[in-house]
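Bear in mind the structure is a predicted one, so any value in this text is a computation, not a measurement. The first residue in the sequence is number 1, and the count goes up from there.
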Amino acid sequence: MSANTYCNPRIHIEDIGIYEEIEGSITFPGSNKLTTLEIKLKTNRLAEAALLNKKIKFYLNEGSWDTVPMFIGYIKDATATDTTMSIKAYDARCYLTGEYSKTLVLDDMHNYDGYTLAGFLKSYIDEHINTEETIINTDYINDTNPPVCLIDYRDDGASPYDIVLAAIRDASDTSDTFNIFNYEIVMENTVDEPYLKFKKQLPLDSTASISLSYGDGIQSYQYTKNKIPNTVQIGDIKVDWGGEKNRVAAKKVRLYMKDEGDRTVSTALIANQALKGLKKLREDKYEINVNVTKGAYIQTGQLVYLNVDEEIKGNHRLISKKISFTPDSLKTSFKLNCDRYSGSY
């Protein structure tokens, strides 16, 4: 694919300017992990120190000129040679985790008791991150449904993002009789600023955001089929899916239940939640990797319909994507279906 005809990627670096003759990749790993932009510039006029911590915007410009950047982040690594400059940037969540964030000690005197996840993030970001400029816009932070409160949450040293990742495990929508829908933390962008959002998992029978086939969008794909569990044992309680001859036991199934303390929980409730957890594992039938010629703007969490003559035909969740580009080419790859080993499950 000719970048000049279909795609004109460019970056804008704060206080430095716009660069168009670039190559690199952008990775959206999903599962609450940070988005990473890696760029190589053909220039020897930039100093590494001048780039660190600068805001960087990336525009893919596929088919037309983007008005909103695909990525807004901050440069955390820069390496120069005689002819090139390599840059690595992370989305703004890097100020909430890892070496670039503060460590919070939460005890009985200093804590966020009563704050929802959205309230905690807004309070922390406005007080500790957006002190001189807006790094993360807090106007759009939404709560999960039902909201999760940080009541009695204590830690002798954790990053704000680790606190959210621990708490978001309780942010599952279990109101549906047979389904569980988890939440993921995503970054989205306005024209100038990134913002955080809690996004609920879509039902697999929802309308797909894009349809792909060999004649329209698919270059190649490969997949592996997972063993699908049909039974699980939790203490003395056994739950069977039924209707299948071969017994495949789930090694572990998560119970989407709040801690009831010393209160006795009925076996019927445990069995019901175990059945929902088992059904969620059974959705994870395949691990699919697809190289595509369209769909670069599809966001993680959205549904992709594969129109192929194989057992994987149908809807799948977009877990992660990677876009690689040079002045002469554009490549996009998708990973589809649940990441059962991610921090969000």
Using modelled atom types and a 3.5 Å cut-off, is there a donor and acceptor pairing between side-chain atoms of R317 and backbone atoms of L336?
no
Using modelled atom types and a 3.5 Å cut-off, is there a donor and acceptor pairing between side-chain atoms of K321 and backbone atoms of I298?
yes
Rounded to the nearest 0.5 Å, how far does CG of D126 lie from OG1 of T138?
3.5 Å
How about Y195 and Y140: are their ring centroids closer than 6.0 Å?
yes
Report the distance from atom OG1 of T67 to atom CG of N61, rounding to the nearest 0.5 Å.
10.0 Å
Within the supplied structure, the quantity of interest is the number of heavy atoms (other residues, nucleotides, ligands) at a distance under 6.0 Å from Q222 CD; does it exceed 12?
no
Taking atom OH of Y161 as the centre, report whether more than 12 heavy atoms of other residues, nucleotides or ligands fall under 6.0 Å from it.
yes
Y112 and F120 aromatic ring geometry - parallel, tilted or perpendicular at 30°/60° bounds:
perpendicular
What I'd like to find out is whether the side chain of K197 reaches to under 4.5 Å of the side chain of N142, using heavy atoms alone.
yes
Hydrophobic clusters here meaning ILVMFWY residues chained together by side-chain heavy-atom distances under 4.5 Å, can you tell me if L318 and I288 are in one?
yes
For D309, does the CG atom have more than 12 heavy-atom neighbours from other residues, nucleotides or ligands under 6.0 Å away?
no
Assigning hydrophobic clusters by single linkage (Ile, Leu, Val, Met, Phe, Trp, Tyr; side-chain heavy-atom cutoff under 4.5 Å), is V186 placed with L165?
no
Heavy-atom check, side chain of L34 versus side chain of T97, under 4.5 Å:
yes
Side chain to side chain contact (heavy atoms under 4.5 Å, CB included) evaluation trace for T293 with T332:
CA-CA 7 Å; T293 59; T332 304; over 6 Å; no
Would you check if the distance from the ring center of Y74 to the ring center of Y95 is below 6.0 Å?
yes
Any chain of hydrophobic side-chain contacts (each under 4.5 Å) joining Y305 to I312?
no
Is it true that, when you exclude K294 itself, more than 12 heavy atoms of the residues, nucleotides or ligands shown sit nearer than 6.0 Å to its NZ?
yes
Taking C-beta and beyond as the side chain, do F334 and L212 meet within less than 4.5 Å on heavy atoms?
yes
Main chain of D108, side chain of N111: is a donor-acceptor contact present, judged purely on distance under 3.5 Å?
yes
Criterion ring-ring contact (aromatic ring centres under 6.0 Å, His included) on Y223 and Y286, from CA distance to verdict:
CA-CA 6 Å; Y223 71 94; Y286 310 101; 5.8 Å; yes
Note: E287 and N226 closest approach over all heavy atoms is OE2-OD1, 3.6 Å
Nearest-0.5 Å distance, CG of residue L121 to OG of residue S123
9.5 Å
Any donor-acceptor N/O pair, Y124 side chain to L96 backbone, under 3.5 Å
no
Just wondering, are more than 12 heavy atoms of other shown residues or ligands nearer than 6.0 Å to NZ in K322?
no
Please check if the side chain of N291 supplies one atom and the backbone of K331 the other of a donor-acceptor pair under 3.5 Å.
no
Compute whether any side-chain donor of one residue and acceptor of the other, for S159 and D162, lie under 3.5 angstrom apart.
yes
Aromatic rings Y221 and Y214: how do their planes relate, parallel, tilted or perpendicular, breaks at 30° and 60°?
tilted
Ignoring hydrogens and geometry, is there a side-chain-to-backbone donor-acceptor pair from T27 to P29 under 3.5 Å?
no
Go through the steps for Y19 and K42 under the test side chain to side chain contact (heavy atoms under 4.5 Å, CB included), then give the verdict.
CA-CA 10 Å; Y19 289 86; K42 293 182 179 180; over 6 Å; no
Measuring only between side-chain heavy atoms, which start at C-beta, is I168 closer than 4.5 Å to V148?
no
Do K199 and T300 have side chains that get closer than 4.5 Å, going by heavy atoms?
no
Check whether any side-chain N or O of D113 sits under 3.5 Å from a backbone N or O of D152 as a donor-acceptor pair, and report yes or no.
yes
Are I135 and Y100 connected in the hydrophobic side-chain network, where two residues link if heavy atoms are under 4.5 Å apart?
no
For I163 and L106, what are the C-alpha separation, side-chain angles and deciding distance, and is it a side chain to side chain contact (heavy atoms under 4.5 Å, CB included)?
CA-CA 10 Å; I163 293 172; L106 302 181; 3.8 Å; yes
Can a salt bridge be assigned to the pair K55 and D192 using a cut-off of 4.0 Å between side-chain N and carboxylate O?
no
Do K313 and L306 make a side-chain contact, defined as non-hydrogen atoms from C-beta onward lying under 4.5 Å apart?
no
Could you tell me which non-hydrogen atom of S209 sits nearest to which non-hydrogen atom of Q302, and how far apart they are?
OG-NE2, 3.3 Å
Check for a donor-acceptor pair, side chain of T144 on one end and backbone N or O of P146 on the other, with a separation under 3.5 Å.
yes
Scanning both residues in full, the closest heavy-atom pair of A80 with M85 reads CB-CE, 3.6 Å
Tested for side-chain contact (heavy atoms from CB on, under 4.5 Å) against I39, the lone hit among I11, I75, I26 is I11
Do I323 and L330 make a side-chain contact, defined as non-hydrogen atoms from C-beta onward lying under 4.5 Å apart?
yes
Which is it for K76 and L52 under the side chain to side chain contact (heavy atoms under 4.5 Å, CB included) test, yes or no, and what are the steps along the way?
CA-CA 5 Å; K76 295 303 179 181; L52 294 179; 5.8 Å; no
Smallest heavy-atom separation, I319 atom then S31 atom, equals CG2-OG, 4.1 Å
Heavy-atom pair of closest approach, residues S86 and K40
OG-CE, 3.8 Å
Closest approach of I72 and T190, non-hydrogen atoms and distance?
CD1-O, 3.9 Å
Please answer whether the main-chain N or O of T35 pairs with a side-chain N or O of D91 as donor and acceptor at a distance below 3.5 Å.
yes
So, taking the atom named CZ in R10 and the one named NZ in K57, what distance separates them when rounded to the nearest 0.5 Å?
10.0 Å
My understanding is that only one of F28, F71, F325 makes a ring-ring contact (aromatic ring centres under 6.0 Å, His included) with F58; could you say which?
F325
Are any of the side-chain heavy atoms of P9 and I22 separated by less than 4.5 Å?
yes
Measure from the side-chain N and O atoms of N315 to the backbone N and O of L303, and report whether any donor-acceptor pair falls under 3.5 Å.
no
CA sep, side-chain torsions, deciding dist, call: D66, Y297, side chain to side chain donor-acceptor pair (under 3.5 Å):
CA-CA 11 Å; D66 296 340; Y297 292 94; 2.9 Å; yes
Among the clusters formed by ILVMFWY side chains lying less than 4.5 Å apart, do I141 and Y115 turn up in the same one?
yes
Let me confirm one number: the CD1-NZ distance from I129 to K102, rounded to the nearest 0.5 Å.
9.0 Å
In Å and rounded to the nearest 0.5 Å, what is the CZ to OG distance from R93 to S101?
13.5 Å
